[in-house]
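The structure under discussion appears below in the form of structure tokens.
Treat the numbers as computed from the prediction; the structure is a model and nothing was measured. Hydrogens, waters and symmetry mates play no part in the numbers below; they use all other heavy atoms, side chains included.
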Amino acid sequence: MNERPSMKIGMIADPLKWLGWPEAKHFLDPALKRSDEIWSDILPELASGSLQLWAVLQTETLSSEKSDLQEKLYAAAVTRIVNSPAGEVAEIYLVGGKDFSLWLAELSEVIARSAREIGCIALRAYGRSGWRRPLALLGWHEKTVAYEKRL
């Protein structure tokens, strides 16, 4: 039987000191390369809390001992809160990982719940066109498309 693994999703309090940061950064690298920023722009904002790092972890038991647990990182996301004329919006600015079908819906819901709790009026996400269908299945709709021409 192929049982769906249980995921634990949460915001990382001190992302740059977190032991999982190197792997999270690796997952986020492809998304950052599509943006107009580089890590030197983002790292100070992560350190100050202006940007938030979220982790999607699966906890695996390695033996019968409760203390013998290992967390496996499946994905990471970076969010930020921005002001809009209608109110604050939580933006999922960067996201990356593996086996997204295992965690995308839950990550979306966890971030939405957190955003609601702090008074945000909406969630917004940025990403490649491949996210269009999986997000639509979760109730997201496309609001805008960005085009770029190199000069």
Side-chain angles (χ1 to χ4, degrees), residues 4-60 69-151:
R4 198 173 175 93
S6 175
M7 297 294 174
K8 181 170 81 172
I9 298 174
M11 193 184 313
I12 304 300
D14 198 349
L16 303 183
K17 292 182 180 174
W18 178 50
L19 290 176
W21 170 242
E23 189 175 7
K25 183 180 177 291
H26 173 73
F27 281 151
L28 297 168
D29 278 336
L32 185 66
K33 285 179 183 165
R34 292 175 166 271
S35 79
D36 291 329
E37 295 182 75
I38 55 177
W39 281 116
S40 60
D41 298 327
I42 291 177
L43 294 177
E45 292 186 68
L46 275 170
S48 73
S50 298
L51 296 177
Q52 303 79 40
L53 178 68
W54 296 81
V56 178
L57 301 161
Q58 177 190 10
T59 303
E60 299 172 338
L69 297 175
Q70 178 181 358
E71 292 183 329
K72 182 177 180 182
L73 185 66
Y74 268 75
V78 173
T79 58
R80 60 185 171 199
I81 307 302
V82 298
N83 290 315
S84 78
E88 289 186 323
V89 174
E91 291 185 339
I92 303 172
Y93 171 60
L94 300 171
V95 67
K98 58 186 175 186
D99 300 327
F100 78 89
S101 64
L102 298 176
W103 51 263
L104 184 60
E106 193 173 348
L107 177 66
S108 175
E109 184 50 41
V110 167
I111 293 175
R113 189 174 333 127
S114 176
R116 261 188 237 101
E117 288 172 4
I118 62 169
C120 289
I121 59 155
L123 278 183
R124 186 178 296 145
Y126 298 97
R128 58 185 176 75
S129 60
W131 288 110
R132 183 179 292 126
R133 181 165 161 54
L135 289 175
L137 294 172
L138 298 174
W140 290 74
H141 70 277
E142 190 174 296
K143 185 174 179 179
T144 186
V145 177
Y147 296 93
E148 182 174 292
K149 181 178 179 178
R150 291 281 195 202
L151 302 176

Spatial distance of atom OG (Ser6) from atom CG (Leu57) [nearest 0.5 Å]: 11.0 Å
Non-hydrogen atoms of Leu16 and Leu43 that approach each other most closely: CD1-O, 3.5 Å
Please tabulate, for the side chains in residues 20-34, all donor-acceptor contacts under 3.5 angstrom to protein atoms that are two or more places apart in sequence or on a different chain.
from  : atom 1 : to    : atom 2 : distance (Å)
Asp29 : OD1    : Trp39 : NE1    : 2.6

Pair listing, side chain to side chain donor-acceptor pair (under 3.5 Å) test, anchored in residues 104-113, at least two apart: Ser108-Trp140
Val95 side chain near Phe100 side chain, heavy-atom distance below 4.5 Å: no
From OG1 (Thr79) to CG (Leu51), nearest 0.5 Å: 7.5 Å
Check: Val110 and Leu107 side chains under 4.5 Å, non-hydrogen atoms: no
Straight-line distance of Met7 CE to Glu71 CD, nearest 0.5 Å: 12.0 Å
Set of residues satisfying side-chain hydrogen bond (donor to acceptor under 3.5 Å, both in side chains) with respect to Glu37, sequence neighbours excluded: Tyr93
Approximate separation, where rounding is to 0.5 Å, of Gln58 CD and Lys8 NZ: 11.5 Å
Contacts of type side-chain contact (heavy atoms from CB on, under 4.5 Å), residue Ser114, not counting sequence neighbours: Met11, Trp54
Show me, pair by pair, the donor-acceptor contacts under 3.5 angstrom made by side chains of residues 120-138, not counting sequence neighbours?
from   : atom 1 : to     : atom 2 : distance (Å)
Arg124 : NH1    : Glu91  : OE2    : 2.9
Tyr126 : OH     : Glu91  : OE2    : 2.9
Arg132 : NE     : Glu142 : OE1    : 2.4
Arg132 : NH2    : Glu142 : OE1    : 3.2

side-chain contact (heavy atoms from CB on, under 4.5 Å) partners of Asp14, counting only residues at least two apart: Lys17
